[in-house]
Number of protein chains: 2
Amino acid sequence: MGVGGATMDERVPRDFETLRATILDRRASLPKRIAQIAAYALDNPDDIAFGTAASIAASAGVQPSTLIRFAQQLGFDGFTSLQQVFRERLRERNSSYDERLAALRAKAEDGGGHRAIFDGFVAAASTSLGDISRSLNDAHFEEAVALLAKAETIYVLAKRRSYPVASYIAYALGKLKIRNQLVESAAGLNAEMIGFATPRDAVIAISFSPYAPATIEETRSIAEQGVPIVAITDSSFSPLAQFAKVWFEVAEADFGGFRSISATMALAMALTVAVGEKRREAGRRRKG
Amino acid sequence: MGVGGATMDERVPRDFETLRATILDRRASLPKRIAQIAAYALDNPDDIAFGTAASIAASAGVQPSTLIRFAQQLGFDGFTSLQQVFRERLRERNSSYDERLAALRAKAEDGGGHRAIFDGFVAAASTSLGDISRSLNDAHFEEAVALLAKAETIYVLAKRRSYPVASYIAYALGKLKIRNQLVESAAGLNAEMIGFATPRDAVIAISFSPYAPATIEETRSIAEQGVPIVAITDSSFSPLAQFAKVWFEVAEADFGGFRSISATMALAMALTVAVGEKRREAGRRRKG
DNA sequence: GTCAATATGAAATATTAATTCCAATCCGCA
DNA sequence: TGCGGATTGGAATTAATATTTCATATTGAC
C-alpha cells in the first residue's frame, strides 16, 4: 500500500495504441528486466498475442514471473488480460470496419435517425469489398474466366436476392456481345431453357443461404447434362459448390438483417469484363 | 497395413489453404457434428485462432470433444495443433486494408493480368462508396424516406444498367411487406401499369447517362399524373431531375468503361430499409 | 560498509484448458 | 425389428499454463 498509489489509480489501457503510448511513456522508469520485456513486447506484438507466458518469457530472455509483473505494473491483473489487448489488435486489423458497423447498428437501433441506416449499408459494403479483396483466389478467378471464355452460350442462373446480380451480368455480357441466356422464371419454362445447354456452354450460378430451392435444382439438372458451372455462393458448404467446376466464396457483411451485395457485384463485373477481355485476346491471336 | 492405412499415410495440412482444401475435399464423408464444426471453422477462422476449445465448441454448437475429433480426423494430434494453422494464417496477413487498396489501384492501372480487372472493380466500388458517403444530403434522404413511407404502392422504374438496382429494391420491399410494383417491359404493358398509379402512390426512378429513353418517358408520364417521384441519377442536369420531388446525385467511379453500381445499391438498400423502419414507427404510434 | 527497499529467479501452487473415456444414441442393414 | 458399428454428449482425467510465493540478489542512501 501507500507507495503503490500511483500505479493503482491508473486506468488500464484497453487498446493497443494506448498501451503502446503508456509503455513508451514509462520506459525510462522501468527496472531492467521489465524494460527488457517491454521492448520485446513492442517489437514482437504477434508473439505476445499467440505465445504462452513461458514461451514469451523464454524468447525475451526473462522469467515468466517478470512477464506477469510487467502486466501488473501496467494495471492489468495478469498476463492473460494484457494478452487480450495484443489479440484484439490482430482481430481489428483484419476487419477494421466491423467495429464501426457494430457502432452504427447500435446507433440506428436507438433512434440515431435514418442517416445511420445509410452509413450502415455503406460500411457493410466496404467491409465486404475488403474481405473479398483479401480472399479471392487468383487461380480460381483465372480458371473461371477461361471456362466462361470458351463457352458458346453463358447461362446465368439466380433467383431472389441474387437475381439483381444475374441481371447485371446478363446486361454486361450483352454489351460485350457475348451470347448469354438469363434463366428467368416468368413463363415457367426454365426446365426447357436449361435443356438446350450442352457441355460446350457454361453456367454462372449465384445463390446465398437460404439457397433458393429452384436455383439448386436447376443447377443440379444442368450439371448432370455435363455443362461446366461457375458458382458464386457464401460458404464452401453451399449446395452449389458440389456441382461447380469453380466456385467463389463471398462473405457479405449485413446490416439490419439485409446483406450487402457489393462484393458479389464487384466479382460479377470483374468476371464478365475479364471474359470479354480474354475473348478479345483469343480473337487477336486467331487473326494475327 | 490394414483399414487404418489411408488415414495414417496422410500428410497433415500445415498451411491454411491446404487445410481448407482438405476439409472441402472430405466434406461429403464427414459425420453431422464434425461437418458442423468444419463449416464453422471455415466460416469463422478468426474464432478458431483466438478461442479455447470450449468457447469455440459452444459457438459452433457442439461438444469440445467433437472439436478434437475433428482435428484428429484431419491428421492433427489434437485441437492445439489444428489451432496453430489458424494462428499462422493471421500472422501472415500483415498489410492493412487501406494500404492494400492503394496498392491494387496502382496495379490495376498499369494493367496486370485478369486479377487486375477484379482489383480495378473493387477499387471503383470503394471509391464510389466513399464519394456517396461524403456527398449524401441528410435532409434529402429524410424527405425521400418520408415521401416513400406514406405511399400506398411504390412503383420502381429502371432499365438496362439500373435494372439490377430496381429488382433489388423490389425484392427488399417485398421482404418488408411493402406493396410495390416493378415496372418491367416483358409484355409491353408498362404504359397501362403506370396508368394505375395515383398521387397517393410514389415512384423510385433510377437512370444514368445515357438515359434510357423509356425510363424518361415513363417517368414523365407518371409525373404528369401527379405521382411524387424520388430519382436516383448521376447529374443535376439529368432529365429525371426535373420530374422529381427529391433526387439524389450519385457519382459512380468506373473501370475500363464499366461503371460501378455499389454506391447506388447502398443508397437503394438504405432507402428501402429506412422506409420500412419509418412505417414501423408510424404503425407503433397509431397503436400506442 | 551496512541497511532497507526493490528487483529477480526458480520452484510450488492454483487455475484453466485440452483430452480421454464411457455410456447413450443414432443409423444402416439384414 | 433387432443387431453391430459409428457417432455423439458429458463427465472424469490429464496436461498445460498462469500466478504466487519465497529465498536470493541487486541497488542506492546514509
Side-chain angles (χ1 to χ4, degrees), chain A residues 1-8 12 19 23 26-41 44 46-88 237, chain B residues 2-8 12 23 26-41 46-88:
Chain A
M1 274 250 166
V3 191
T7 325
M8 306 203 41
V12 183
L19 175 58
I23 292 172
R26 300 213 202 140
R27 187 172 37 172
S29 67
L30 293 173
K32 198 172 104 189
R33 294 266 115 121
I34 306 273
Q36 189 175 329
I37 190 73
Y40 182 86
N44 311 58
D46 289 9
D47 287 358
I48 307 281
F50 290 122
T52 68
S55 73
I56 295 164
S59 307
V62 301
Q63 289 290 325
S65 45
T66 306
L67 181 46
I68 284 153
R69 287 177 194 126
F70 168 60
Q72 287 170 341
Q73 261 192 39
L74 289 167
F76 297 95
D77 50 49
F79 164 69
T80 311
S81 18
L82 169 71
Q83 192 178 40
Q84 286 314 110
V85 175
F86 284 80
R87 292 190 165 180
E88 215 31 67
F237 284 75
Chain B
V3 192
T7 324
M8 306 206 38
V12 182
I23 292 173
R26 303 216 197 139
R27 173 173 44 159
S29 66
L30 293 173
K32 197 173 104 190
R33 294 263 109 121
I34 307 270
Q36 189 176 327
I37 192 74
Y40 182 87
D46 289 11
D47 287 0
I48 307 281
F50 289 117
T52 66
S55 72
I56 295 164
S59 306
V62 301
Q63 290 290 325
S65 45
T66 306
L67 181 46
I68 286 155
R69 286 175 194 129
F70 168 59
Q72 288 170 342
Q73 268 196 31
L74 290 166
F76 296 96
D77 51 49
F79 164 69
T80 310
S81 18
L82 169 71
Q83 191 177 41
Q84 287 313 112
V85 175
F86 284 80
R87 292 188 164 180
E88 221 23 73

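Per chain, numbering begins at 1; letters A, B, ... match sequence-line order.
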* **Distance, rounded to the nearest Å, where A/Leu30 contributes CG and C/dT8 contributes P** => 10 Å
* Structure fact -> Side-chain atoms of B/Pro31 come closest, of C/dT8, D/dG10, D/dT8, to D/dT8
* **Rounded distance (Å) that lies between atom P of D/dT19 and atom CZ of A/Arg69** => 13 Å
* Asked: How close or far is atom C1' of C/dC26 from atom CD1 of B/Ile34, stated in whole angstroms?
  -> 15 Å
* Asked: From the list C/dT20, D/dT8, D/dT20, which nucleotide is the closest neighbour of the side chain of A/Ser65?
  -> D/dT20
* Interatomic distance where CD1 belongs to A/Ile68 and P belongs to C/dA10 [whole Å] -> 15 Å
* Figure out the CG/P separation between B/Asp77 and D/dA15, and round it to whole Å. => 14 Å
* Asked: Does a nitrogen or oxygen in the side chain of A/Gln72 sit under 4.0 Å from OP1 or OP2 of D/dT20?
  -> yes
* In terms of side-chain heavy atoms of A/Thr52, which of C/dT8, C/dT19, D/dA18 is nearest? -> D/dA18
* What closest approach, in Å, do A/Ile48 and A/Gln83 show between heavy atoms, and which atom pair accounts for it? -> O-NE2, 3.0 Å
* Got a second to check how far B/Arg87's CZ is from B/Leu82's CG, nearest 0.5 Å? -> 11.0 Å
* Asked: Of all the nucleotides listed (C/dA18, D/dT19, C/dA10), which has the minimum atom distance to the side chain of B/Thr80?
  -> C/dA18
* Structure fact -> A/Arg33 atom CZ is separated from D/dT24 atom C1', nearest whole Å, by 15 Å
* **Value in whole Å for how far the P atom of D/dA16 lies from CZ of B/Phe79** => 15 Å
* Closest non-hydrogen atom pair between B/Ile37 and B/Ala60, with its separation -> CD1-CB, 3.5 Å
* Taking side chain as C-beta onward, heavy atoms only, is A/Phe86 less than 4.5 Å from A/Asp47? -> no
* Spacing between A/Ile37 atom CD1 and C/dG9 atom P, to the nearest angstrom -> 11 Å
* Evaluate the criterion side-chain contact (heavy atoms from CB on, under 4.5 Å) for residue pair B/Phe79 and B/Ile56; output intermediate values, then yes/no. => CA-CA 11 Å; B/Phe79 164 69; B/Ile56 295 164; 3.6 Å; yes
* Asked: Hey, is the side chain of A/Gln63 poking within less than 4.0 Å of OP1 or OP2 on C/dA10, counting only N and O atoms?
  -> yes
